[in-house]
Amino acid sequence: MKNVVAISLVIFLVPLAGCLDELTEPTKTELTDKEVILPGGDYWRVGPAVGYGQFEWELTHIPTEGESSDFSWNVYLMNVTNFQQYEDGNSSLFYVNGSWESMDGNGTKGPFNVDSSDGYYLVVENYRGNENGDSLRFRIQFFGWK
């Protein structure tokens, strides 16, 4: 009889343990889904996103009429300290995995791990050196996992 009770408990508790394990999995959260028109030499940012251990972003370039075929933009993921350096014009940027320099089309990065004890900014920069000063039109989706 004890064996029957023990086997019954195992049959009941093993699936329950699997359900509880799923409850501890990180939850994906949409941090932004936005369409932006960014003038030449300017940047757009979202953040700081705090407490996330993973991020993912997707940028969809939306070409505009008369847009040069030879211009690029950058996507940076950086912590709060380095974002402040960026805003202050410091050229020594320390961005983390998930950044992409010299993009010229659509792109996706992630999911990638970061230190969840820090806050992060996602920055899209319409490269300052673009000769024609083209505006960058794009859709950006940014996700985090807690």
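Worth knowing before you read on, the calculation uses all heavy atoms, side chains too, and leaves out hydrogens, waters and symmetry mates.
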Check whether any side-chain N or O of S116 sits under 3.5 Å from a backbone N or O of Y52 as a donor-acceptor pair, and report yes or no.
no
Determine whether a donor-acceptor pair (N or O, by modelled atom type, separation under 3.5 Å) exists between the side chain of D33 and the backbone of Q141.
no
Note, L122 side chain near I140 side chain (heavy atom, < 4.5 Å):
yes
Ion pair present between R137 and E67, side-chain N to carboxylate O less than 4.0 angstrom?
no
Would E56 and T108 count as a side chain to side chain contact (heavy atoms under 4.5 Å, CB included) if you check the C-alpha gap in whole Å, the side-chain angles of each, and the deciding distance to 0.1 Å?
CA-CA 7 Å; E56 175 181 31; T108 300; 4.2 Å; yes
Tell me if a side-chain donor or acceptor on D115 pairs with a main-chain N or O of S117 at a distance below 3.5 Å.
yes
Say you draw a straight line from CZ of F138 to CD of E35; how long is it, rounded to the nearest 0.5 Å?
9.5 Å
Rounded to the nearest 0.5 angstrom, the NZ-CE distance for K109 and M103 is 9.0 Å
Quick check: are there more than 12 heavy atoms from other residues, nucleotides or ligands sitting under 6.0 Å from NZ of K28?
yes
Would V46 and L31 count as a side chain to side chain contact (heavy atoms under 4.5 Å, CB included) here? Give the steps.
CA-CA 8 Å; V46 64; L31 302 173; 5.6 Å; no
Do W57 and V75 have side chains that get closer than 4.5 Å, going by heavy atoms?
yes
Nearest heavy-atom pair of P39 and S135: which atoms, and what distance?
CA-OG, 3.8 Å
Considering only heavy atoms from C-beta outward, does the side chain of F55 approach that of P111 to under 4.5 Å?
no
Going from CG on L136 to NE2 on H61, what distance comes out if it is rounded to the nearest 0.5 angstrom?
5.5 Å
Taking every non-hydrogen atom, the tightest pair across F71 and D104
O-CB, 4.0 Å
Closest approach of W44 to L38 (non-hydrogen atoms, all atoms of both residues):
N-CD1, 3.8 Å
Separation between CD (E125) and OG (S99), nearest 0.5 Å, reads 11.0 Å
Check whether Y121 reaches the backbone of A49 with its side chain - one donor and one acceptor, N or O, closer than 3.5 Å.
no
N74 and E101: side-chain hydrogen bond (donor to acceptor under 3.5 Å, both in side chains), yes or no, with the steps?
CA-CA 4 Å; N74 304 314; E101 289 191 301; 5.0 Å; no
Any side-chain heavy-atom pair from M78 and V123 closer than 4.5 angstrom?
yes
Can you tell me how far the CD atom of Q54 sits from the NZ atom of K146, to the nearest 0.5 Å?
14.0 Å
Single-linkage hydrophobic cluster, 4.5 Å side-chain cutoff, F112 and Y120 together:
yes
Without swapping roles, check the side chain of D118 against the backbone of N79 for a donor-acceptor pair under 3.5 Å.
no
What distance do Y86 atom OH and Y76 atom OH have between them, rounded to the nearest 0.5 Å?
6.5 Å
When you group the ILVMFWY residues by side-chain heavy-atom contacts below 4.5 Å and let the links chain together, are F143 and V114 in the same group?
no
Taking N126 for its side chain and D134 for its backbone only, find out whether a donor-acceptor pair lies under 3.5 Å.
yes
State, yes or no, whether a side-chain contact exists between E30 and T32 at a heavy-atom distance under 4.5 Å.
no
